[in-house]
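Reviewing the structure listed below.
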Amino acid sequence: IAINESYNSEEVITNLIETARTLREADELQSVEFFEKAMQLSKNAGFSIGTGECLIELALINSKKGDIGLAMKQFHEAALIFEKSEAKLKAYECLHLLSDLCYKIGNYDQALESRVMALHFAKQIKDNIIIASSYNKLGDIYKALGDYEKAIVNHQQSLKISESIKDKE
């Protein structure tokens, strides 16, 4: 499939990204080419959200392939792009994924750093569900680090927020 170099509208680039997401299920290698092309077009068009979206998708693919270092770099770069774009939920998502990846490979210090930053965005968004989830994940990280006091504090904070959500239902 040929991709026209003159694609420069956000709508066309967004459609290209969605096509790449669909293609990923059938042909991951070709989807990588589409994401890379969409990322370049996004950069050329000044469409930072498109650039960030492509970085997330490429990071997910690289993580799955075992290229953890590149995936971590891409998640971090995407988070910075979304932060500058005021796309706080997307910045949270990147940091959430980065923290989970770091936790999975046992890099608890980086997992902690990313999760604290994710919590910062969750609080700005004022979404109690993701705030509670962030505190819960922080508790897990502190437990893995052997800091049981902080683990308990964070798990209790998560529980408190979760209970307040249920009380409002």
Q | Within-4.5 Å side-chain heavy-atom neighbours: E28 and K64 | A | yes

Q) Could you give the distance from CD (E113) to CD1 (I141), rounded to the nearest 0.5 Å? A) 11.0 Å

Q. Passes side chain to side chain contact (heavy atoms under 4.5 Å, CB included), E163 versus L159? Steps please.
A. CA-CA 6 Å; E163 287 174 343; L159 181 61; 3.8 Å; yes

(Q) Do D140 and H155 make a side-chain contact, defined as non-hydrogen atoms from C-beta onward lying under 4.5 Å apart? (A) yes

(Q) On a heavy-atom basis, which atom in A122 and which in I130 lie closest, and how many Å separate them? (A) CB-CG1, 3.8 Å

Q.
For A132, is there any backbone N or O sitting under 3.5 Å from a side-chain donor or acceptor partner on N136?
A. no

**Q.** Min side-chain heavy-atom separation Y108-C102 under 4.5 Å
**A.** no

(Q) Contact between R24 and F35 at the side-chain level, heavy atoms closer than 4.5 Å - yes or no? (A) yes

Q: Would you confirm whether S162, through its side chain, and S158, through its main-chain N or O, come within 3.5 Å as a donor-acceptor pair?
A: yes

Q: Find the distance between CE (M39) and CD1 (I13) and round it off to the nearest 0.5 Å.
A: 12.5 Å

(Q) Less than 4.5 Å apart, side chain to side chain, heavy atoms only: is that true for F82 and L89? (A) no

(Q) Would you compute the distance between atom CG of L60 and atom CG of L97 and round it to the nearest 0.5 angstrom? (A) 6.0 Å

Q. Which pair of non-hydrogen atoms, one from A38 and one from I17, has the smallest distance, and what is that distance?
A. CB-CG1, 3.8 Å

Q | Carboxylate-amine/guanidinium contact E93 K90, below 4.0 Å | A | yes

Q: To the nearest 0.5 Å, tell me how far N44 CG sits from T51 OG1.
A: 9.0 Å

Q. Nearest heavy-atom pair of N107 and M72: which atoms, and what distance?
A. ND2-CE, 4.1 Å

**Q.** Inter-residue atom distance K123.NZ - S134.OG, 0.5 Å rounding
**A.** 9.5 Å

Q.
Quick one about E11 and N15 (side-chain donor to acceptor, distance below 3.5 Å, no hydrogens or angles considered), yes or no?
A. no

Q: Evaluate the side chain to side chain contact (heavy atoms under 4.5 Å, CB included) criterion for residues R115 and L95: first the C-alpha distance (whole Å), next the side-chain angles of each, then the deciding distance (0.1 Å), finally the verdict.
A: CA-CA 6 Å; R115 183 59 59 187; L95 293 165; over 6 Å; no

Q. In terms of side-chain geometry, is the basic nitrogen of R21 or E53 positioned less than 4.0 Å from the acidic oxygen of its partner?
A. yes

Q) Of all heavy-atom pairs between I81 and S48, which one has the smallest distance, and what is that distance? A) CG2-O, 3.3 Å

Q.
Quick check: closest heavy atoms across A71 and S63, and the distance to 0.1 Å?
A. CB-N, 3.7 Å

Q) Between E86 and K88, is the closest basic N to carboxylate O distance under 4.0 Å? A) yes

Q: Over all heavy atoms of both residues, which pair between I56 and F75 is shortest? Give the atoms and the distance, please.
A: O-CE2, 4.0 Å

Q. Heavy atoms, side chains only, cut-off 4.5 Å: are F47 and I49 in contact?
A. yes

**Q.** Close side-chain approach of Y103 and Q110, heavy atoms under 4.5 Å
**A.** no

Q. Under a 4.5 Å cut-off applied to non-hydrogen side-chain atoms, are Y142 and L112 in contact?
A. yes

